[in-house]
Amino acid sequence: MTGLSIENISMRFDLPNGSSVQALKNVSLHLNEGELMSVLGPSGCGKTTLLNIVAGFLAPTEGQVVMNGHKVTGPAAERGMVFQQGALFEWMDVRSNVSFGPRMEGQRPSQYDAHVDHLLNVTGLRDFKDKAIYELSGGMQQRVALARCLANDPDVILMDEPLGALDALTREKMQGLVLKLWKETGKTIILITHSVEEALLLGERLLVMAPRPGRIHKEYNLPFADLGVGADLREVKKHPDYARTREEILEMIWDMEEEIMGRAEAAQ
Amino acid sequence: MIGSVILLVYVAIFVLSFLAVRFLVHKTTRDFTSLKTVTFGDESAVTSNRIASIVSVTTVFLIWGSFTGSSWVPGFLHAPGPFVGETSFTYTLETADGVRDDATVYVKVADFGQETESIEAAPGEGIAKDDAVAMNASRTATILFDRNDEVTRKDGARVVAIDGIAIGAGDEIRTETGRFALTDKGAISFAPPSGLQMEPIWLPPPEDVVGRVVEIANEGYRDSTLWRHLGYSLFRVIAGFVFGALLGIPLGYAMGLSDWFRGWFEPIVEFMRPVPPLALIPLVIIWFGIGETGKIILLFLASLWIMAIAARAGVSGVNISKVHAAYSLGASKFQVMRHVIMPNSLPEIFTGARVAMGVCWGTVVAAELVAASEGAGMMIMVASKFQLTDIVLMGIILIGVIGFGIDILMRKAESVLVPWKGRS
Ligand SMILES: Nc1ncnc2c1ncn2[C@@H]1O[C@H](COP(=O)(O)OP(=O)(O)OP(=O)(O)O)[C@@H](O)[C@H]1O
Ligand SMILES: [Mg+2]
């Protein structure tokens, strides 16, 4: 079976003081190849935990992740990750960062040069390929992170708030880039975000998670990602369903946050 | 006395140059960055003012030259010097019978450190005879005025006035000529004006120190040339540091990567870290003697813990996302170590190396002060025993300059080798 299956995953963190946190409970879902799923949810509902389990950085206390028919037991090149920030290698220039995956695999420059150069072009980094990481703006750094992940040609790309640290304008441009790369490469993508708009625009499927314990609350199938490929994202926002869905989700998350606050107050 | 004058002059120059630069120079170069809000602890908010640094260094040398009467500082900037040359005063002698007579004392004051030249004076008339005294500047002379007088203190004679001013036992009078007092036994104690300059034995003028550098560079000191002395010190530092780094960095890596290594070595490292290397000198001398081995082992110990702790901090300080990113890009454990953890720890290691070099340099000088036959510390130690203040000063200045030079070199190397430091 192809695609990515998350099968009945639960995750419990045991705290040093003897108590424990149920970060995830009985989460199951299946992603087909080439699907882009965005994940939304209030802070602390286990989004990062879920992504770390899929990436193989964490072992779930129950359940398993199955990728293209085999069980995930640790990080591997088939599942690439784009972090919010701070995950680039400052001691390498832009090009060496992007070619890191192929180099670790033992490829010779002649084997990866063309692909790396292509990615640098697509992400608009051609003129910066010899620059040091700390000489780049935040938006450029995230483009490097994206290119580095794609250069390794993973089957699934996991993104944890990849655009969270960017300003609104840069963020919008990067959203367009993500859509474009998704269509061009046909990768399976899971994208965590705090922005409802971003989740709506980029997610072919949209997952809303609820906290305590972390679980899937609701799932949407949305047309906006397909509409947005190569188009002006601001036009997409004028779609009649867009505003309605946005309000619905905002209210949903708002209610969850209220409930958390209420519980926190009651506990006091 | 001289100390407070120097402090006053120093503060005055500080304030005046500050005001002068504020009103004359700064006005024209004011830009928007000077309007930037200064947040406490933000290093970039306050940068050092070049002019202030230049004035500061110049001031130190100017004060040094001025208060030592240096020939490199124009005369009008000199602090008042001590009285040198010939002077005289009269004393009035009164016998037990109440008979008074005046006599003159001729004093010849020689400059600091010069031989006193004896002078002669004709005895003159009366029961009190004229005297002649030779002395050095800034000294106090006890004048046994009655050696040649017809009536002496034994006969009940005593001094009742100096230059016509009455003086009794325990009084002190000041005149243009100097300061006078009577000793318990009735002799005259005389001090010519001492001025505000330092004696070379406390602080030699800069030209003397430079002269010493040239002299010792050419002729050597204690059987070794200056370069040999400094070379020995540097060699010990570098050897000790290299050994310390060679063992300390792998040790730090092991402690950062393995819980067993960490548990095993942590008590040792944490215990040795607060022990000042200077406190190890006696033990090292007992175990290894005062030769090269002992010194290099001392410096090895001084740098070992610093390098181990720096390397450990470098390893554990790695952002976990970088490691995760490398793993999900397909890197093996070894590759993560080689391409992520090691380069990531370099800035910390460089910081540690700078600290270690500084500590080693300080420690080597101290160790040489205790026991050595060559080295910068030995040079100033031996010189101080002979009160050769100029060599002591020369040594201190060279030690400072070299220590500063080492730090600059380390910083240069750092900006070339780890340019990303502090910028991620
Ligand atoms: N290593 C850990 N040890 C203990 N508890 C943890 C650990 N990692 C996460 N948790 C807990 O698990 C819950 C889910 O955390 P997670 O980071 O997955 O949330 P999130 O949805 O990504 O939140 P955010 O939107 O703020 O990033 C939280 O209550 C958190 O405190
Ligand atoms: Mg998170």
Side-chain angles (χ1 to χ4, degrees), chain A residues 48 51-52 54-58 72-93 96-107 112 131-136 138 141 144-162, chain B residues 42-44 249 252-253 256-257 259 262-263 310-311 313-354 410-424:
Chain A
T48 300
L51 212 65
N52 281 340
V54 174
F57 304 142
L58 277 176
V72 165
T73 53
E78 59 181 13
R79 280 159 286 124
M81 183 107 176
V82 179
F83 294 85
Q84 183 170 5
Q85 60 183 168
L88 294 175
F89 307 134
E90 285 92 3
W91 44 93
M92 300 175 190
D93 62 15
S96 309
N97 262 283
V98 174
S99 63
F100 185 82
R103 285 191 291 128
M104 292 305 107
E105 207 187 313
Q107 291 187 22
Y112 61 73
K131 286 254 189 286
I133 295 301
Y134 54 83
E135 292 173 298
L136 304 183
Q141 292 190 2
V144 176
L146 214 55
R148 182 176 71 175
C149 185
L150 288 168
N152 209 34
D153 209 15
D155 297 330
V156 175
I157 300 180
L158 309 167
M159 303 190 189
D160 193 355
E161 297 177 46
Chain B
D42 180 358
E43 237 185 279
S44 61
I249 295 175
Y253 277 152
L257 295 170
D259 60 343
R262 190 166 196 146
V315 171
S316 8
V318 63
N319 186 341
I320 191 68
S321 333
K322 289 197 210 306
V323 176
H324 279 171
Y327 273 126
S328 57
L329 286 167
S332 68
K333 224 175 168 151
F334 174 78
Q335 284 172 325
V336 169
M337 180 73 207
R338 162 76 188 75
H339 295 285
V340 180
I341 296 196
M342 273 175 48
N344 188 76
S345 66
L346 282 182
E348 287 278 359
I349 287 181
F350 258 93
T351 308
R354 262 177 69 192
M410 298 293 283
R411 264 192 266 183
K412 275 265 142 57
E414 190 177 71
S415 66
V416 171
L417 295 173
V418 285
W420 67 90
K421 186 180 176 200
R423 295 210 247 178
S424 55

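Since we're looking at a predicted model, the values are computed, not measured.
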Hey, mind stepping through A/R148 and B/L329 against side chain to side chain contact (heavy atoms under 4.5 Å, CB included) and telling me if it holds? CA-CA 8 Å; A/R148 182 176 71 175; B/L329 286 167; 3.6 Å; yes
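- Scanning all heavy atoms of the two residues, the minimum distance from A/N152 to B/G330 falls at ND2-N, 4.2 Å.
- Of the inter-residue distances, the one linking A/L58 atom CG with B/H324 atom NE2 reads 7.0 Å to the nearest 0.5 angstrom.
- Using a 4.5 Å cut-off between heavy atoms, A/L88 touches chain B through its backbone atoms (N, CA, C, O) alone.
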Can you list the steps and then say if B/Q335 with A/E105 is a side chain to side chain contact (heavy atoms under 4.5 Å, CB included)? CA-CA 10 Å; B/Q335 284 172 325; A/E105 207 187 313; over 6 Å; no
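- Looking only at distances, a side-chain donor or acceptor of A/W91 sits under 3.5 Å from a matching main-chain atom of B/H339.
- Chain A forms the most heavy-atom pairs under 4.5 Å with one residue out of B/V340, B/L346, B/N319, and that residue is B/V340.
- Between B/F334 atom CZ and A/M104 atom CE the span is 10.5 Å, to the nearest 0.5 Å.
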Are A/M81 and B/S328 close enough, and set up right, to give a side chain to side chain contact (heavy atoms under 4.5 Å, CB included), and what steps lead you there? CA-CA 7 Å; A/M81 183 107 176; B/S328 57; 3.7 Å; yes
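- Distance CD/A/E135 to CH2/B/W420: 13.5 Å, rounded to 0.5 Å.
- Shown here for A/F89 and B/K322, the closest heavy-atom pair between the two residues is CE2-O, 3.7 Å.
- Contacts between A/A76 and chain B at a heavy-atom distance below 4.5 Å involve the backbone alone (N, CA, C, O).
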